[in-house]
Amino acid sequence: MLFYSFFKSLVGKDVVVELKNDLSPGDTRSAHATGLWENVFSYLEDVDKGIQEHSESYLSICGTLHSVDQYLNIKLTDISVTDPEKYPHMLSVKNCFIRGSVVRYVQLPADEVDTQLLQDAARKEALQQKQ
Amino acid sequence: RTAAPLSCSSKHSTKEKHLVLLRDGRTLIGFLRSIDQFANLVFHQTVERIHVGKKFGDIPRGIFIVRGENVVLLGEIDMDKPCDTVLQQVSIEEILEEQRLQQQAKQETEKAKVTALKDRGLSIPKADNLDEY
């Protein structure tokens with residue numbers, strides 16, 4: 001309930017929602033974990049030449065937070081995709097609904113968040129949940 | 001538990017087309033007939049749109065019922081916004097062929113990468129054999 005209330009307080013602000021990339025249930029390899037390993041091995045020059053693809057870019061959507069619900073599903077208005085070349089299907093979509101379960105990050109404007117208050121509230125919630 | 005309309009998505013017009021991105025990467029476009037709190041969807045006159053590079057192709061699919069857990073994103077298609085200026089529509093056979101070639105190229109680079117790493121005695125752990133560590 002805490003983050004539901006928190007997001008409700010941010011309605012009307014511009015946010016960037018970054019979605020999970022490793023979503024396909026049929027994929028045996030987690031794309032995110034693979035990306036991490038590739039960073040470790042990237043010092044290998046032969047691997048860099050032509051074999052290594054550009055780093056995994058995740059679908060990020062920028063927009064105004066319209067509403068949120070108890071599942072942290074997010075509705076954004078006036079959206080724009082950060083990499084329109086890779087995701088052309090969103091060209092004519094202005095508003096969208098994003099299922100909460102596929103969100104990896106929600107990037108917020110720093111001046112809209114009182115981190116101290118949020119931290120205290122989260123700690124209290126965690127304590128309450130333990131009991 | 002009865003299906004109830006989503007609290008944060010009240011005004012869906014049935015005259016406008018919707019676009020849904022699925023977890024397996026597919027894109028469906030059609031008229032959204034119903035939605036519930038799990039994001040289960042009923043799509044009417046559905047078309048599966050495949051994008052490869054700057055080309056795309058539409059495959060008519062009829063009526064679709066999508067289980068909510070497979071939904072990534074649901075958007076309203078704005079008819080006024082100019083959309084197909086950079087994208088070129090091609091026939092179904094052509095886009096399927098393009099897709100097949102794209103998958104093939106991807107598999108080849110993947111294979112080359114795995115071989116290059118194996119030559120150095122390194123391997124990227126796959127999700128299915130992580131438990132062996």
Side-chain angles (χ1 to χ4, degrees), chain A residues 7-8 11 17 19-31 33-38 40-41 44 46-53 59 61 65-77 79 84-103, chain B residues 6-10 12 17-27 29 35 37-39 49-51 53-56 68-87 106 109-117 119-120 122-130:
Chain A
F7 279 123
K8 272 205 292 193
V11 166
V17 178
L19 303 179
K20 293 184 188 173
N21 210 28
D22 46 351
L23 295 168
S24 175
D27 233 353
T28 51
R29 172 177 296 197
S30 160
T34 312
L36 293 175
W37 279 105
E38 283 174 3
V40 170
F41 299 143
L44 300 170
D46 289 334
V47 182
D48 273 350
K49 280 184 221 158
I51 295 176
Q52 181 154 51
E53 303 141 15
L59 176 56
I61 302 169
L65 184 64
H66 176 269
S67 53
V68 67
D69 68 8
Q70 49 169 313
Y71 302 109
L72 303 186
N73 296 326
I74 291 172
K75 199 169 185 220
L76 296 177
T77 54
I79 59 168
E85 292 239 333
K86 222 180 153 194
Y87 301 99
H89 13 260
M90 306 286 296
L91 284 179
S92 39
V93 178
K94 264 178 94 176
N95 311 323
C96 73
F97 160 84
I98 302 174
R99 198 172 199 265
S101 60
V102 305
V103 172
Chain B
L6 278 167
S7 53
C8 77
S9 58
S10 43
H12 278 305
K17 280 202 165 180
H18 282 80
L19 172 155
V20 64
L21 281 176
L22 301 178
R23 275 169 58 181
D24 62 1
R26 278 190 277 189
T27 308
I29 296 175
I35 183 168
Q37 78 268 37
F38 305 110
R49 183 164 287 186
I50 302 179
H51 285 271
K54 292 229 163 22
K55 301 185 190 163
F56 73 93
E69 65 173 325
N70 298 298
V71 170
V72 171
L73 176 160
L74 173 65
E76 251 175 55
I77 292 189
D78 196 350
M79 289 304 180
D80 303 322
K81 224 182 173 188
C83 50
D84 299 321
T85 40
V86 283
L87 299 176
K106 216 175 176 180
T109 50
E110 195 59 37
K111 214 171 155 193
K113 205 184 342 188
V114 167
T115 319
L117 289 171
D119 287 344
R120 287 162 181 77
L122 303 162
S123 68
I124 294 178
K126 285 192 193 179
D128 55 351
N129 59 17
L130 272 176

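What you are looking at is a predicted structure, and each value in this text was computed from that prediction instead of being measured. Chain letters run A, B, ... following the sequence lines, proteins first and then strands; every chain starts at 1.
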note = Turns out that what part of A:Leu76 lies under 4.5 Å from chain B's heavy atoms comes down to neither
inquiry  = How long is the straight-line distance from OG1 of A:Thr77 back to CD of B:Glu76, given to the nearest 0.5 Å?
reply    = 11.0 Å
request  = Tell me, with the steps shown, if B:Leu21 and A:Leu59 meet side chain to side chain contact (heavy atoms under 4.5 Å, CB included).
outcome  = CA-CA 11 Å; B:Leu21 281 176; A:Leu59 176 56; 3.9 Å; yes
key: Pairwise distance CG(A:Leu91) to CD1(B:Ile77) - rounded to 0.5 angstrom   = 10.5 Å
key: Residue pair B:Gly68 / A:Arg99: nearest heavy atoms and the distance that separates them   = O-NE, 2.8 Å
task = Tell me, with the steps shown, if B:Leu19 and A:Met90 meet side chain to side chain contact (heavy atoms under 4.5 Å, CB included).
result = CA-CA 8 Å; B:Leu19 172 155; A:Met90 306 286 296; 4.2 Å; yes
key: Any side-chain heavy-atom pair of B:Leu73 and A:Ile61 under 4.5 Å   = yes
query = Side chain, backbone, both or neither: which part of B:Ile29 has a non-hydrogen atom closer than 4.5 Å to chain A?
reply = neither
